[in-house]
Amino acid sequence: MTADSLRAAFARPTLDVARSLLGMRLVGDGSNRRIVGRIVEVEAYLGPADRASHARFGETARNRPMYGDPGRAYVYLVYGMYHCLNVVTEPAGTPHAVLIRAVEPLEGVELIRAARLRAERLRRRSIDPAELERVHARLERTPADRLAAGPGLVGAAFGLDRTLNGSDLLDPANPVHLEAAPADEPAFSIATSARVGIAYAGPPWSSEPWRFTIAGHPSVSR
DNA sequence: GCAAGGATATCG
DNA sequence: GATATCCTTGCA
């Protein structure tokens, strides 16, 4: 697939793009070796009319990347401590995006554990050694399946921050990018549900079934 | 059940 | 400039 046709795939209707992101690989190229996660949970945000979308107030300094090219990144900080990754969809000027909510770690599990520990250290005001050791022990006990089972955890696992805003997720040279699933990967079924954490948007937006998961997958958030 | 934590949008 | 709110997580 050429770069242009891949780009065109992300310019398609956001709900279609969201479903097709399931199973794709999120790849981080650290200084050491690759981190690879299989996308198992996403949510679609459908522009200014969608009262749950960051685009609901129109274009601002924060959401500007949503107005850019499809296939690029929109990264935001939520609750003051978690970086969340979105893939921009639809043609430039249409501020739609898909939030990557969870991935299944496939490669670089120990690198992900190290990145999770770094993130925990960063978001604490003090670094009490005893507490740090408790966090470390907890991460060692955490099954690989659960290391990136939530949008903030995806950000921590891949060391994401807002410097990635607007970067091209379809460019293999980008520090974080997307890759297609292997052709021989088994089929899976897709479950739909309401989006998480957006009650403030009110009906009908709070109940639209625009959250998509690989049905029954252990790495889906709870 | 709730605190942590900081940027953001909106209001005065 | 002040403040309410937030596409969350981990521990009490």
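Within the nucleic acid shown, A/L99 comes within 4.0 Å of at least one base atom, counting heavy atoms only. Among the atoms of the strands shown, only primed sugar atoms or phosphate atoms (P, OP1, OP2) are found under 4.0 Å from some heavy atom of A/F57. Residue-level contact check: A/R195 touches neither bases nor backbone, having no heavy atom under 4.0 Å from any strand. Nucleic acid contact class of A/R56 (heavy atoms, under 4.0 Å, all strands): none. Within 4.0 Å of A/S53, counting heavy atoms only, lies at least one base atom of the nucleic acid. Across all strands shown, A/R222 has no heavy atoms under 4.0 Å from either base or sugar-phosphate atoms.
When Watson-Crick and G-U wobble pairs are counted only if both distances are under 3.5 Å, C/dG1 pairs with B/dC11.
Shown here for A/L77 and A/R162, the closest heavy-atom pair between the two residues is N-CD, 4.5 Å.
As rounded to whole Å, 16 Å separates atom C1' of C/dT9 from atom CG of A/L122. Separating the CD atom of A/E131 from the P atom of C/dC11 is a distance of 9 Å, rounded to the nearest angstrom. Here C/dG10 presents its P atom at 12 Å from CZ of A/R141, a figure rounded to the nearest Å. A/N63 has its CG atom 13 Å from the C1' atom of C/dC7, to the nearest Å. Atom OH in A/Y82 sits roughly 16 Å away from atom P in B/dA7 (whole-Å rounding). In this structure, A/E41 atom CD and C/dC7 atom P are separated by 15 Å, rounded to whole Å. C/dT9 atom P lies 14 Å from atom NE2 of A/H83, rounded to whole Å. Put simply, CG on A/L153 is 12 Å from P on C/dC11, counting in whole angstrom units.
Among the nucleotides C/dC7, C/dT8, B/dA9, the one closest to any side-chain atom of A/Y76 is C/dC7.
In this structure, the side chains of A/I198 and A/E43 stay at 4.5 Å or more apart for every pair of heavy atoms.
Using a 4.0 Å cut-off between a side-chain N of Lys or Arg and a carboxylate O of Asp or Glu, A/E179 and A/R25 do not qualify as a salt bridge.
Residue A/R101 has a polar side-chain atom (N or O) positioned under 4.0 Å from OP1 or OP2 of C/dT8. Between A/R62 and B/dT10, a side-chain N or O to OP1/OP2 separation shorter than 4.0 Å is absent. When the side-chain nitrogen and oxygen atoms of A/R134 are compared with OP1 and OP2 of C/dC11, none of them lie within a distance under 4.0 Å. An OP1 or OP2 oxygen of C/dC7 is reached within less than 4.0 angstrom by a side-chain nitrogen or oxygen of A/H54. Between A/R162 and B/dT8 there is a side-chain polar atom (N or O) within less than 4.0 angstrom of OP1 or OP2.
At a cut-off of 3.5 angstrom, the base of C/dC6 holds no donor-acceptor pair with the side chain of A/Y200.
For C/dC7, the base is stacked against the aromatic ring of A/Y45, per a cut-off of 5.5 Å between centres and 30° between planes.
The closest donor-acceptor contact from the side chain of A/R64 to the backbone of A/G166 lies at 3.5 Å or more, if one exists at all.
For the atom pair CD1 of A/I35 and CD of A/E110, the computed distance is 11.0 Å after rounding to the nearest 0.5 Å. Atom CG of A/N86 sits about 8.0 Å away from atom OH of A/Y45, to the nearest 0.5 Å.
The residue among A/G197 and A/R123 whose nearest nucleotide of DNA chain C lies closer to the 5′ end is A/G197.
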